[in-house]
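The sequence lines fix the lettering, A, B, ..., with proteins before strands; numbering per chain opens at 1. Computed over heavy atoms, backbone and side chain alike; hydrogens, waters and symmetry mates excluded.
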Amino acid sequence: MGYLDGFLVTLKQHRVFGGERVTTPYSGGRVFKRGKKIEGRDEKIDKPERLHGRHVLNRYDDGMEKCIGCELCAGVCPAKCIHVRGADNDPQNPTSPGERFGFVYEINYLRCIHCDLCVEACPTEAITESKLFEFSFTSRSDAVYTKRELLVGDDGKPRQLPWEDWREGEDAHTSGWMRATAPGGDADFVGQVGWSAELGYGVRAAEEAAD
Amino acid sequence: MSSYRWAAGYIDDGDRPKIVTSRFHLEDSYTLERYLATGGYQALRHALARTPAEVHDEVRGATVLGRGGAGFPAGTKWGLMPADKYPRYLVVNGDESEPGTYKDRLLMELDPHQLIEGSLIAAYAVGLAQVFLYIRGEMPLAHERVATALNEAYVAGYVGKNILGTDFSVDIVLHWGAGAYVVGEETALIESLEGKRGEPRLKPPYFPAAIGLYGQPTIVNNVETLSNLPWIMANGAAEYVRIGTETSPGTRMVAVSGHVERPGVFEIVNGTTTFRDLIYGDDFCRGIRNGNQLKAFVPGGGSAPWFTAEQLDLPFEGKLVGAAGSMLGSGAIMVMDHTTDIPAAALTLTRFYAHESCGQCTPCREGGTWLERVLQRVVDGRGTSADLAQMKEIGTSICPGEFPHASSSRHGLDATPFPYKMTTICFVGPSAYAPVHSALTLFPEEFAARVRDRVQIPVTAVQ
Amino acid sequence: MSRFNDDNLRLAKEIIGRYPKARSATIPLLHLAQQQEGHLSDEAMAHVAELVGATPAEVLGTASFYEMFKFEPVGRYLINICGTMSCALGGSDELLAHAEKVLGVKVGGTTADGLFTLERAECQAACTEAPNMQVNYRHCHRMTNELFDRLVDDLRSGRRDGDIPAHGTLARVRQQIPAERAVGPAALDDRGAPAWLPAKEVGG
Amino acid sequence: MSDTVKPTETTPQVASDPDAVSITVNGVEHAARKGQLLIDALADAGEYVPRFCYHERLSPVGKCRMCLVECDTGRGPAITVSCMVPVAPGMKVDTQGETTKRMQEGVLELFLANHPLDCPVCDKGGECPLQDQAVSHGPGESRYLEEKRHFEKPIAVSDLVYLDRERCILCDRCTRFADEVGSDALIHFAGRGNNTYITTFPDQPFASYFSGNTVQICPVGALTARPYRFKARPWDLRQQESTCTTCAVGCRIAVQSSHDEVLRHLGVDSDPVNHGWLCDRGRFNYEQLHSADRVLQPLVRAGDDLLPATWSEALAEAATALGAAKAAGGAGSIAVLGGARGTNEDAYAWARLAHEVIGTPNVYAQMGDGLPADLLVLERATIDEAAAASTVVLIGPDLKEELPVLYLRLREAAVKGRTRLLEFTPKLSGLSTVAWRSIAYEPGTLTAAIDTALADDQIAAQLASGPVVVVAGRANLAESSTATVQAVRTVLAKVPGSTVLPAFRRGNVIGALQVGMRPTEGGLDTRGVLQAAADGGIECLVLLGADPVADFPDADLARRALAGARRVIAVDTFLTASSAQADVVLAACAFAEKAGTTTNIEGRVSPVARQVTPAGSTRPDWMIAVELAEALGGDLGYDDVGQITADIAENVDGYTRVTPEALSAAADGVVAYAPTGIGPVALLAGEAPARSSYDFRLIVSRTLYDQAEGTAHSPSLAHLTTATTVHVNPLDLGRIGTTDGATVKLTSSKASVVCTITGDESVLRGTAWMPFRHPGVDPRELIDCFAHTTDLRIENP
């Protein structure tokens, strides 16, 4: 199929040309009427349970950072939007358990495709995705989230940036993440979904495998 | 000397030929005076009157099987040295540590001159420039007796420069070990003697006879092997092969320990005495203690796969025992009666070999300890049936393929003959697995019960 | 005082002189150092290394391979109770439990008075005399709880000083090679067959 | 017997090759080489056998048991350690069979039993043989439920290497390296069985010049390099092969960088040169690239200050200075010193600039601390030839300190018994213990010592027994360099047919000299230039990465020269003692920031790669030469470095084979023939005076970790330099009436300094040794570069 042929398919699907649109316009939960926002109806619609939003870097209960700076997330990232540098923990005042911690951690959201491979690659469940994707920015430097923006606060809640539209209770849904391999690495559970536990939000039971 | 019984463990009753223990009954057997009075150093004179080659032929003719465990004929071993490469060394292996074995200590404590004379005969026969007598460190009495004997022998002119006025000159240097079972392996012994960690060398490609101590041709002989030589020189190889069987001539020393009425060390005729004689015979151990039943016995030192009552009538002969699925090793029998807790008994041996692993090759270092830990868990009543399978898996990582075991009509098993294949450099790794394999194969029900009931029984069980 | 004293240094040099390569004397020299101090200090190992021409790390590597070398001070009497099969079948576990109770220390521990260190050992080549134990490597056969108690009493009161020297001293008799009788070490570059071998017989 | 009919020979053709051994690998016949180890023969046959302890450059030990295969030598299949067994005719090897696979899986599971599996935080993760082979040959999962071994970690076994005993698989590679190759058996196994671990002796760290190699050969992450620790992961490193220019051995290295920052050097196994080994200085001095002290842009003097300038300003300033100098004193009043730091291309462009555009004959690449260039025209030996010669005559410095990897090669040759070393040294060297004969001489008596030695029957017989290679270098900076030349000439006269391996030390000094950084007719060498400058005869002194104030053996003369030169232009990476005094500083690129070629001691030309963007606005030396020529109204005609490489091949005597094509085709570089146009140096007139019995004869030589700019600006190495003390034989301490560690006064004909004294058995009685360019007292104050030797009086202050 040539380049133009592909474009033709898209056009044919459009209402104007008699097709059925395959996507719905998304408004971020706000309800509009003729281009104007209706007051009092400013709420987000429910998102799928497995939606991948913007990332957070988690901490352990004692406040230690989970990130060990291993760069596996950066290595697996298909969009090459993650930059990590490790460093030696100060034994007297460690940032994370063990010898190594994530000294630099940056995600460029102009590139991120929210594929969640970083989350799957993470050996310590340090990086997870929240449900938040109502965020936009007007400068490139805002789009590059550093450790300062990504790391959750001492309460385990994500930091809310001015251009992010967080709603009541949404910050509690940062821990629910899943991956295709069981967290324990048990080969018997390969292919079955497992849920992690972090910051006291509880563990969900492993989902049954489809077959 | 109150803590020592001077002839501890040695039992001599019955009318058996004595080759190496002929002086054990004498209170002062270890003195030069007594040795000379009982024909000592006459064999050396005989030897010096002949050419070295004739002496070598005599020893070769006697087919003295090595008494260290492998059973390789000493005369043949000597002949493996490359021609024209000098100096050559003799290392006397007195690092006896195999569980159950205990004969070299007696030979060194009770008749050190016999060993010295044997070493001199070997040195003369093959042109050895120096003899190192390596004695296990944990045997200070043996060390004192041998040192005294050597000092006497030097002064009397039997050792050192121009022995007995001939141009035969050789030094015997006494060397101590410091506690490591694996050093009993001949290449590890050489490493240790070089002042290094006693880690066995890989053979092939090189055997010590070709490249040994300091890279020179080296003979490593066991204490008992060498102690036979004076008798052979004095009485002739023909006389020697008249004792015992064709394949296993002479006598050998056997220690029988464990649950028998009268444990002890015996010099037996090679190849003819059966295990039943040894365990039940009046001249030997006189049966199981308290009239109990025999459950199992280890026929040849801790490394050997176990036998049960079914194998009692086998003679103490290397080839036959090998075919039956075990080995004679260094001449030690350990007897377990029916009260013995088999998993716990196996653990005592596996723990030994895990502890004594030198650590250089992976299967032994990791596998031995892993076996010990799993077995410990099973013995402690915390094991699962997966653990039993796991132990066999670890075993096949150390010894791929079939592992030898005895036949068992109870379990409908035929014997798997010796030897085994192994992924390790020396026999310590497989030895850690041998007791586990024997116990699991011959007594699976005890492990099943242990895993099922999760109970703990003391190793000695009923006294 | 960790390096060899003058007497022992002389002895050490004599021992080294018996071997074709000095490094072979490592273990005997370490025993000598342990005899002097009761255990091996870093300084002693460094001195041995100097004498045998190895690096201290090599001497440490050798020393730590062998069980008899102790790197920390141990009691005057090192009690080793054998736990391998024959002795275990003969009741060594019970003996060990008794010893722990009597001495008031666990395996590996040293009594507060510095007299006894208790260890569990592997086969001591006295399998027919089970259960067997050693005090400073002197065998004690067919031990019972009563015999053990008596032995400990004897050791405490010094009644056994005659036959059981303090830890470190192995044999009280040393080999002495009279100078006029000594052949000397067979040097490695001495490539000829020994004098008594007829030339044509080489090859053995 | 006559009635026996022999069947026709059907042996395959390979049998006709006397060195071929036919083996069967998984049913397929393969011709292996005689004496080859089975593991290598299998690799040649395309069957990679997993291994951990086996390393081609170390003796096999067969400890890890990973390379077990089933091999049938006619007595049925037997388990065979493929790294220990040489191939034998008719071997039938099975690397794919059930037993082999079972063994590999079993051994790997056992390896992983106690391994912490902390790959995400391990520097080796991603390039780890244990990881790789666990995937390719392992069982896939571990069933080890027991508690793993625990050790304290990480342990700094040296200043540069960390040890993690939990990850260690006890393969014996690092310990074997330390013992067999590096000669410092300072790390060793301790403990036994399951408690075996690697250790150093308490308070005696693995302070080897070669400790970094153990990190590279460790098959797991047990040994990691402190400078690289947690800096990057293997998958985000880019790498190029290059050649180290820290010294003149020219080790092949892989330069690795991430995010435009050089983070690691690895040794590349170049058979003729370094066998994969590197010294720690070459391995870790990449840190200088990112030093905050780098000169990142041109500087121009304004009064007492050097102020940043644009390139056009600085070049114009430099051109003006050169023009004014030429106008004032003619081209002969301009001198260009240096060039050993850069590439051949840099040196060639500068040589052309100096000789053709400026027109001066006063050009020299050495700082008076090397040997006269006429050594280069002697019949040359390669490193391989030296390491295979029956005798190597060492006349020169302690190679362990100056050319560490050459030291490794010669040590190996000596230890393996291939080569006998006949060493003449003023002080015990790293090779003295393995030398066949180590002859110590007092400075000033070298030729006499050689005469005496060569008269010895045994030595004469040894020299006559086969090829002889003379390794010649500068043993003593406090002695005239012509003493060495005279010594070499003596040996060559007495042992005809011997060849010379010049042990010059500075990075590309041989390349610079060969491509033209040397005086033309009537030109001055460095000493001559400095003397002329001190006398006011130099209008403009150009320092091309040269630092005479810190490097020239006679400190006083160098100082006076810099003060006396009317204008000074420096091309440098750092503000050194000399370039800080310049009027114009042109900011130069460092190693790994520029491409080109370099020439090592044997004349081997190999490429240097540009791996990262030059720091700041720095430029390569050759580009600066081109632009300066342009500013002076000339045109060298180069737009890129490749043109210069081609130009060198075309125009430089001896470099005809060294074309860009030949270089890209040869993995190990191309050996350039020596130039012929260098005339013999004149020997210093007269004899060295006898030493009075009250005096000590001074020896000054380099150590590996001195205060060279590259070392001093690499934080991991900088602190390894020790303060200067004067070393005398312990027996001489009493004669002086002092004790070890006390302060003494040293007086020579030039100056008097106060210094701490150390008793050192490697120093001969009657001589005193001081390290060159160490912090504290500067021994160069004592040296008179016009004298044969330097004598000292040592007394209590």
Side-chain angles (χ1 to χ4, degrees), chain B residues 1 3 5 8-9 52-53 56 78-79 81 83-84 86-87 96-97 99-100 102 105 126-127 129-130 137-138 140 143-144 147-148 150-151 154 160-161 167-171 173-174 176 178-180 193-198 214 255 257-259 263-265 302 334 348-349 352 355 459-460, chain C residues 18 20-21 23-28 31 52 61-62 65-69 83-86 88-89 91 93 122-130 134 137-141 163 170-178 181-183 185-186 188 190-198 201-204:
Chain B
M1 305 297 276
S3 75
R5 292 204 297 149
H56 188 175
W78 295 358
M81 287 194 291
D84 281 333
Y86 294 93
E96 172 180 70
S97 337
Y102 142 50
R105 178 161 78 89
V126 280
Q130 204 172 357
E138 291 105 322
H143 186 272
E144 285 174 3
T148 310
L150 274 174
N151 291 348
Y154 260 104
K161 213 181 275 179
D167 57 2
F168 173 48
S169 301
V170 71
D171 264 346
V173 173
L174 190 52
W176 306 359
L193 191 50
E194 289 183 3
K196 299 176 188 159
R197 298 161 56 77
Y214 314 122
S257 59
H259 294 159
V265 181
M334 292 183 279
T348 63
L349 286 176
F352 174 86
H355 180 252
V459 65
T460 40
Chain C
R18 291 176 191 163
K21 284 190 178 175
R23 192 156 171 206
S24 282
T26 305
I27 293 176
H31 275 306
V52 302
T62 297
F65 188 86
Y66 301 94
E67 233 146 276
M68 293 172 72
F69 297 123
T84 314
M85 187 179 235
S86 296
L89 292 172
D93 283 1
E122 299 294 355
C123 189
Q124 298 170 338
C127 310
T128 65
E129 310 304 297
Q134 292 181 323
Y137 307 108
R138 269 73 183 168
H139 283 93
C140 305
H141 295 150
D163 60 318
L170 275 188
R172 290 156 299 176
V173 182
R174 284 191 174 275
Q175 183 181 16
Q176 275 154 350
I177 302 180
R181 298 276 314 128
V183 182
L188 295 171
D190 170 16
R191 291 179 197 276
W196 69 90
L197 269 200
E201 284 189 22
V202 289

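A salt bridge between C:Lys21 and B:Glu194 is absent, with no side-chain N of the basic residue lying under 4.0 Å from a carboxylate O of the acidic one. Ionic pairing of B:Glu144 and C:Arg138 is present here: one or more N-O contacts between side-chain nitrogen and carboxylate oxygen are shorter than 4.0 angstrom.
Residue with the most contacts toward chain C among B:Val265, B:Thr148, B:Leu174: B:Leu174 (heavy-atom pairs, distance under 4.5 Å). Your options are C:Ile177, C:Val173, C:Thr26, and the one with the most heavy-atom pairs under 4.5 Å with chain B is C:Val173. Considering only heavy-atom pairs separated by less than 4.5 Å from chain B, the leading option among C:Ala25, C:Gly61, C:Ala130 is C:Gly61. Of all the listed residues (B:Gly302, B:Pro99, B:Gly258), the one sharing the greatest number of non-hydrogen pairs under 4.5 Å with chain C is B:Pro99. For the options C:Gln124, C:Arg174, C:His31, heavy-atom pairs under 4.5 Å to chain B are most numerous at C:His31.
Only the side chain of C:Gln134 comes within less than 4.5 Å of a heavy atom of chain B; its backbone N, CA, C and O stay farther away. Proximity to chain B is limited to the side chain of C:Ile27, based on heavy atoms less than 4.5 angstrom apart. Only the side chain of B:Leu150 comes within contact range of chain C, judged by heavy atoms closer than 4.5 Å. For C:Ala195, the parts lying under 4.5 angstrom from a heavy atom of chain B are both the backbone and the side chain.
Remark: B:Lys161 pairs with no residue by the side chain to side chain donor-acceptor pair (under 3.5 Å) rule, at least two apart or across chains. With sequence neighbours excluded, the residues that form a side-chain contact (heavy atoms from CB on, under 4.5 Å) with B:Ser257 are B:Met334, C:Ser86, C:Cys127, C:Thr128.
Of the N and O atoms on the side chains of C:Glu122 and C:Thr84, at least one donor lies less than 3.5 Å from an acceptor on the other residue.
Aromatic ring orientation, C:Tyr66 versus C:Phe69: perpendicular (interplanar angle above 60°, classes split at 30° and 60°). Between B:Phe168 and C:Trp196, the ring planes lie perpendicular to each other; the angle is over 60°, past the 30° to 60° tilted range.
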